[in-house]
Amino acid sequence: MRLHCSNFCRTWTHQSLLACSRRADLCIMTRLLGYVDLSEPHFVAAVLAIVFNPLFWNVVARWEHKTRKLSKAFGSPRLACYTLGGAILLLNVLRSHCFTQAMLSQPRMQSLDNPAAYHVGLALLGVGGVFVLSSFLALGFTGTFLGDYFGILKEARVTMFPFSVLDNPMYWGSTAIYLGWAIVHASPTGLLLTAVVALIYMVAIVYEEPFTAEIYQQKASQACKRS
């Protein structure tokens, strides 16, 4: 009887904590939405840019992997990859511009407008920048910008920092930069847009990782056949 009561108490406590967590999350989201005009043109443009970028590079890269038409059009896989990488960089600059304009066009949050929060934001910008830059140095240009889909494959999986401490450090570093930028500007709009960035990256990871793994499995199979 005592054991049954103990199990019941633990279950009830766990469920209560989950319910409190959901209520807290809902309260935070409701508070953020109170500051944000979802129909404001800059906000809409930022959301569209955030959603479009990963969709664009995944669709184009998969099309290239299937048809090799970009490689044929540019004369080589590397030149085609460099061109796509340049397009992705320009789109990311546009996304960041839209993100900033959306923040500046809507109210600041007083509870975030203080030196402590500002320094937390700066720290997140620094950490995010380290992850993004170190990811690029570890992967190189073609590794960063979907060279796998162009047939430019690495000999082995990259395991050096930051991949030794975090999966998909480029995506999460970018998310940390947006979060830091939002906190520095005391912007609830920025926080909401950062949540959209994180969500879109999670969806992109779900689609990208199995496809990339399949590419390298095909490479391994072909190597086994040759040997």
Side-chain angles (χ1 to χ4, degrees), residues 45-99 127-178 194 196-227:
V47 171
L48 291 176
I50 290 167
V51 173
F52 176 77
N53 285 14
L55 178 64
F56 167 78
W57 70 61
N58 272 287
V59 169
V60 172
R62 289 194 183 211
W63 173 71
E64 161 63 16
H65 179 71
K66 183 177 180 180
T67 66
R68 298 299 185 212
K69 288 191 175 182
L70 280 178
S71 294
K72 293 173 185 175
F74 286 95
S76 75
R78 286 190 177 275
L79 184 55
C81 182
Y82 294 150
T83 303
L84 177 61
I88 292 171
L89 285 172
L90 290 175
L91 285 171
N92 286 345
V93 169
L94 176 62
R95 177 180 62 181
S96 297
H97 172 74
C98 292
F99 187 101
V127 170
V130 167
F131 277 121
V132 169
L133 181 59
S134 59
S135 297
F136 180 80
L137 293 175
L139 293 172
F141 191 94
T142 57
T144 300
F145 294 106
L146 304 163
D148 305 342
Y149 293 71
F150 291 81
I152 308 169
L153 305 180
K154 292 192 169 294
E155 292 301 321
R157 180 183 176 89
V158 176
T159 56
M160 63 188 295
F161 181 85
F163 296 90
S164 57
V165 298
L166 184 68
D167 289 332
N168 304 293
M170 181 73 75
Y171 283 167
W172 299 126
S174 176
T175 303
I177 288 172
Y178 281 118
T194 300
V196 177
V197 169
L199 177 61
I200 294 301
Y201 278 158
M202 285 190 286
V203 173
I205 290 167
V206 168
Y207 281 93
E208 289 174 8
E209 288 194 338
F211 196 78
T212 304
E214 183 181 343
I215 291 173
Y216 279 91
Q217 285 175 358
Q218 291 172 359
K219 177 190 175 185
S221 298
Q222 290 171 0
C224 288
K225 289 178 182 177
R226 292 194 197 100
S227 59

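Please read these numbers as outputs of a predicted model, since none were measured by experiment. Atoms considered below: every heavy atom in the structure, side chains included; atoms not considered: hydrogens, waters and symmetry mates.
In this structure Arg68 satisfies the salt bridge (Lys or Arg N to Asp or Glu O under 4.0 Å) test together with Glu64, sequence neighbours excluded.
Under the ring-ring contact (aromatic ring centres under 6.0 Å, His included) test applied with Tyr178, the options Phe99, Tyr201, Tyr171 reduce to a single match, Phe99. Residue Trp57 is tested with Val60, Asn53, Leu55 for a side-chain contact (heavy atoms from CB on, under 4.5 Å); the sole match is Asn53.
With hydrogens and angles left out, the side-chain atoms of Glu209 and Asn168 include a donor and acceptor closer than 3.5 Å. Counting only N and O atoms by type, the side chains of Tyr149 and Glu208 include no donor and acceptor under 3.5 Å apart.
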(request) Any chance you could lay out the side-chain contact (heavy atoms from CB on, under 4.5 Å) test for Phe145 and Phe136, step after step, and finish with the verdict? (result) CA-CA 9 Å; Phe145 294 106; Phe136 180 80; 4.1 Å; yes
(request) In sequence, state the C-alpha distance, the side-chain angles, and the governing distance for Thr212 and Leu146, and then conclude on side-chain contact (heavy atoms from CB on, under 4.5 Å). (result) CA-CA 9 Å; Thr212 304; Leu146 304 163; over 6 Å; no
(request) Go through the steps to decide whether Ile177 and Val132 satisfy the test side-chain contact (heavy atoms from CB on, under 4.5 Å), and finish with yes or no. (result) CA-CA 9 Å; Ile177 288 172; Val132 169; 4.0 Å; yes
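Note that OG1 of Thr142 and CZ of Arg78 are 5.0 Å apart. Values are rounded to the nearest 0.5 Å. To the nearest 0.5 Å, atom CG of residue Leu166 and atom CH2 of residue Trp172 are 8.5 Å apart. To the nearest 0.5 Å, atom CG of residue Leu94 and atom CG of residue Leu89 are 12.5 Å apart.
In this structure, Ala138 and Phe161 approach most closely via the heavy-atom pair CB-O, 4.1 Å. Counting all heavy atoms, side chain and backbone alike, Ile50 lies closest to Ile200 at O-CG2, 3.8 Å.
Pairs of residues two or more places apart, or lying in two chains, that qualify as ring-ring contact (aromatic ring centres under 6.0 Å, His included) and include a residue from residues 70-97 are Tyr82-Phe141.
In the displayed structure, Tyr207 atom OH is contacted under 6.0 Å by at most 12 heavy atoms of other residues, nucleotides or ligands.
Proximity of Val158 to Met160: side-chain heavy atoms (C-beta onward) are separated by under 4.5 Å at one or more points.
Proximity of a side-chain donor or acceptor of Lys154 to a complementary backbone N or O of Leu139 within less than 3.5 Å is detected. A donor-acceptor contact shorter than 3.5 Å is absent between the side chain of Ser174 and the backbone of Met170.
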